[in-house]
Amino acid sequence: MLYKEGPAYGQELRQLTLWTHHVLLPVYGREVTSTAPWCSRWWEHPEAVAQLHGLWLAWAELTGPGSGMCGAANWHRDYLGPVMASLRDPMGPFAGCKPGNHRPKESPPVDAKDPFGPPPGPPPPPPPAGSARPA
C-alpha cells in the first residue's frame, strides 16, 4: 500500500475504506476515550493506513472462501488484537486526535535521508585568480 501512487493508491485506499467503515468499525470499533483514541480521518495517518491495510489483507486471506475453519479465530488472535491495540494506544498514531479533531503528526527528524549512500562529489574548483566572484 505504501508503495502505490496515483490511481492505484486511490483505488486500494477506497477498498480499504469500505472495509474499515462497513466491517471493521461497526463490529470492532470500541468507544473513543483518551486511553483508546481513534481519528475520524484515519486515512491521513500513514501508519494507520499501513496497519489497517495489513489487517484487511489478513482478513481476506483468513476469512475468505477457501480459508480454513480456524481462519477467523486466528485472525482475531494474531492480527485484530495486536493491530487495534497498536492503533488505539495513547502514544500511537492517533495520539492527540479527538473525536472530530484530527491532529497531523510530524515525522521524527533525521540527519540524512541516505547516510550510507556514496559520499558527495568533490567541491567545485575555485574560480581563477583575478576573476570576479558572484555576489
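Computed from a predicted model, the values in this text were never measured in an experiment. Just so you know, residue 1 is the first one in the sequence shown, and it goes up from there.
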Exercise. Are any non-hydrogen side-chain atoms of Y79 and N74 less than 4.5 angstrom apart?
Worked result: no

For this session: State, with a plain yes or no, whether a side-chain heavy atom of D89 is found less than 4.5 Å away from one of T35.
Result: no

Exercise. What do you reckon, is CD of Q15 surrounded by more than 12 foreign heavy atoms closer than 6.0 Å?
Worked result: yes

For this session: Write down the atom of K4, the atom of A8, and the distance for their closest heavy-atom approach.
Result: CD-O, 4.0 Å

For this session: Taking all non-hydrogen atoms of both residues into account, name the closest pair between C97 and C39 and its distance.
Result: SG-SG, 3.6 Å

Exercise. Is a side-chain N or O of K105 found less than 3.5 angstrom from the main chain of P46, in a donor-acceptor match?
Worked result: no

Exercise. Hey, are the side chains of E44 and V49 touching, using non-hydrogen atoms and a 4.5 Å cut-off?
Worked result: no

Seminar exercise, completed: Separation between CG (L62) and CG (L57), nearest 0.5 Å, reads 10.5 Å

Exercise. What class does the angle between the rings of H45 and H102 fall in, given that below 30° is parallel, 30 to 60° is tilted and above 60° is perpendicular?
Worked result: perpendicular

Exercise. side-chain contact (heavy atoms from CB on, under 4.5 Å) between Q51 and S86: does it pass, once the steps are laid out?
Worked result: CA-CA 9 Å; Q51 289 202 47; S86 174; 3.1 Å; yes

Exercise. Considering residues, nucleotides and ligands other than R77, do more than 12 of their heavy atoms fall under 6.0 Å from its CZ?
Worked result: yes

Exercise. Linking I/L/V/M/F/W/Y whenever their side-chain heavy atoms sit closer than 4.5 Å, directly or via other members, would V23 and W38 fall into one cluster?
Worked result: yes

Exercise. Going by atom types alone, do H53 and W19 pair a side-chain donor with an acceptor below 3.5 Å?
Worked result: no

Exercise. Under 4.5 Å between any side-chain heavy atoms of W42 and L16, yes or no?
Worked result: yes

For this session: Tell me, with the steps shown, if E12 and W56 meet side-chain contact (heavy atoms from CB on, under 4.5 Å).
Result: CA-CA 11 Å; E12 193 81 357; W56 172 48; 3.5 Å; yes

For this session: Kindly determine whether L24 and L80 satisfy side-chain contact (heavy atoms from CB on, under 4.5 Å), including the steps that lead there.
Result: CA-CA 9 Å; L24 181 70; L80 177 66; 3.8 Å; yes

Exercise. To the nearest 0.5 Å, what is the distance between CZ (F94) and CG (L87)?
Worked result: 5.0 Å

Exercise. Heavy atoms, side chains only, cut-off 4.5 Å: are L13 and W43 in contact?
Worked result: yes

For this session: Ignoring hydrogens and angles, tell me if any N or O in the side chain of R88 forms a donor-acceptor pair with the backbone of P37 under 3.5 Å.
Result: yes

Problem set entry | In one Ile/Leu/Val/Met/Phe/Trp/Tyr side-chain cluster, 4.5 Å: Y9, L2 | no

Exercise. Using the benzene-type ring in the case of Trp, are the ring centres of Y28 and W59 under 6.0 Å apart?
Worked result: no

For this session: Please report the closest heavy-atom contact between S34 and P90, naming both atoms and the distance.
Result: O-CB, 4.1 Å

